[in-house]
Amino acid sequence: MRREFGLMLLAGAVGAGLVVLAVRQAWAHAVFTPPRPLPAQDIAVTGQQLVPLASALALAALACLAAVIATRSVLRRAVGVLLAVLGAATAAAVLVSLRAPAVLAGARASALSGPLGGSIMSGSPSGGAVHEIVIAGPGRAIMARAPWRAAAVAGAIAIVLVGVATAWRGPRWPVMSARFERSSPKRRRGTDSASMWESLSHDVDPTVDDSTRT
């Protein structure tokens, strides 16, 4: 049971980490054709630009995994349901994000906020005017990074499966935080002076154990 618990936690952490890693990669490219003599501009668009909610949901799933360790019984089951919901929301956000208008909008935002790439001719200025000229032309979206999107979906599915397993079998798993809880030692009756004098006043020997006295 402890091994199963550890494997589920590992699978959830790997799934969330895979989502965070995948959204940081380029999922598509937008090619803009500005007026001549400027050449075409190829701008990469990351998954974070297309679906910024995915990484936030993955980090929330990691927090839920920590809550699974610290909870038990019905509360752990509720955390498992929340974990499954977060994974499903991540998968849905990733699946509906890769659209041509979203790619072109992300590329335009990236071009306006940063310097242009190396496809602009050498010696051309890289100010805001050049940015606007380049992205003013017609754009074409190229979905060339589908594997990273599939990796994000796979990570989200792993989070869903871990959440379902936690909601189903979570109450049977051990509470790992219990190892760090120290039970306070029971204080023997009659060890302090006040208790000893009180016992003697009632003709009771404080050095004799209750079970022995009985």
Side-chain angles (χ1 to χ4, degrees), residues 10-66 82-164:
L10 179 61
V14 170
L18 188 59
V19 173
V20 174
L21 174 64
V23 298
R24 295 179 181 273
Q25 310 303 319
W27 285 15
H29 289 261
V31 179
F32 293 97
T33 307
R36 294 182 179 181
L38 293 176
Q41 177 68 27
D42 189 341
I43 302 176
V45 181
T46 65
Q48 182 67 26
Q49 294 174 280
L50 294 174
V51 53
L53 186 62
S55 58
L57 292 174
L59 294 177
L62 285 176
C64 283
L65 289 175
L82 179 58
L83 193 60
V85 171
L86 290 174
T90 303
V94 170
L95 289 174
V96 301
S97 64
L98 201 58
R99 298 290 185 269
V103 173
L104 295 178
R108 287 190 175 95
S110 178
L112 290 174
S113 62
L116 292 176
S119 60
I120 294 295
M121 292 182 299
S122 176
S124 298
S126 59
V130 175
H131 286 81
E132 294 177 1
I133 292 174
V134 170
I135 64 176
R140 179 168 54 94
I142 302 176
M143 316 300 180
R145 300 291 181 176
W148 285 114
R149 185 190 181 200
V153 174
I157 292 176
I159 295 174
V160 172
L161 295 178
V162 172
V164 172

Subject >> pair I159-L57: side-chain heavy atoms closer than 4.5 Å >> reply: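 Side-chain contact under 4.5 Å: no.
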Original post:
Between L53, V19, V153, L50, which is the residue that forms a side-chain contact (heavy atoms from CB on, under 4.5 Å) with V94?
Top reply: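 So, applying the side-chain contact (heavy atoms from CB on, under 4.5 Å) to V94 and each of L53, V19, V153, L50, only V153 qualifies.
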Search all heavy atoms of [X] against all heavy atoms of [Y] and return the closest pair with its distance.
X    : Y    : answer
A58  : V20  : CB-CG2, 3.8 Å
L82  : C64  : CD2-SG, 3.7 Å
A156 : G87  : CB-O, 3.5 Å
A151 : L18  : O-CD2, 3.3 Å
V96  : R149 : N-NH2, 4.3 Å

Original post:
Quick one: does Q49's side chain have a donor or acceptor within less than 3.5 Å of a partner on T46's backbone?
Top reply: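 Judged by distance alone, yes, a pair lies under 3.5 Å.
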Original post:
Would a distance-only check, ignoring hydrogens and angles, find a side-chain to backbone donor-acceptor pair under 3.5 Å from W27 to V103?
Top reply: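 Such a contact is absent between W27 side chain and V103 backbone.
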Subject >> side-chain hydrogen bond (donor to acceptor under 3.5 Å, both in side chains) contacts in which one or both residues fall within residues 54-64, not counting sequence neighbours >> reply: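 Sorted pair list: Q48-S55.
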Original post:
If you round to the nearest 0.5 Å, how far is CG of L62 from CG of L83?
Top reply: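 Answer rounded to 0.5 Å: 9.5 Å.
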**OP:** For V23 and W148, run side chain to side chain contact (heavy atoms under 4.5 Å, CB included): C-alpha distance rounded to whole Å, both residues' side-chain angles, the deciding distance at 0.1 Å, then the answer.
**Re:** CA-CA 7 Å; V23 298; W148 285 114; over 6 Å; no
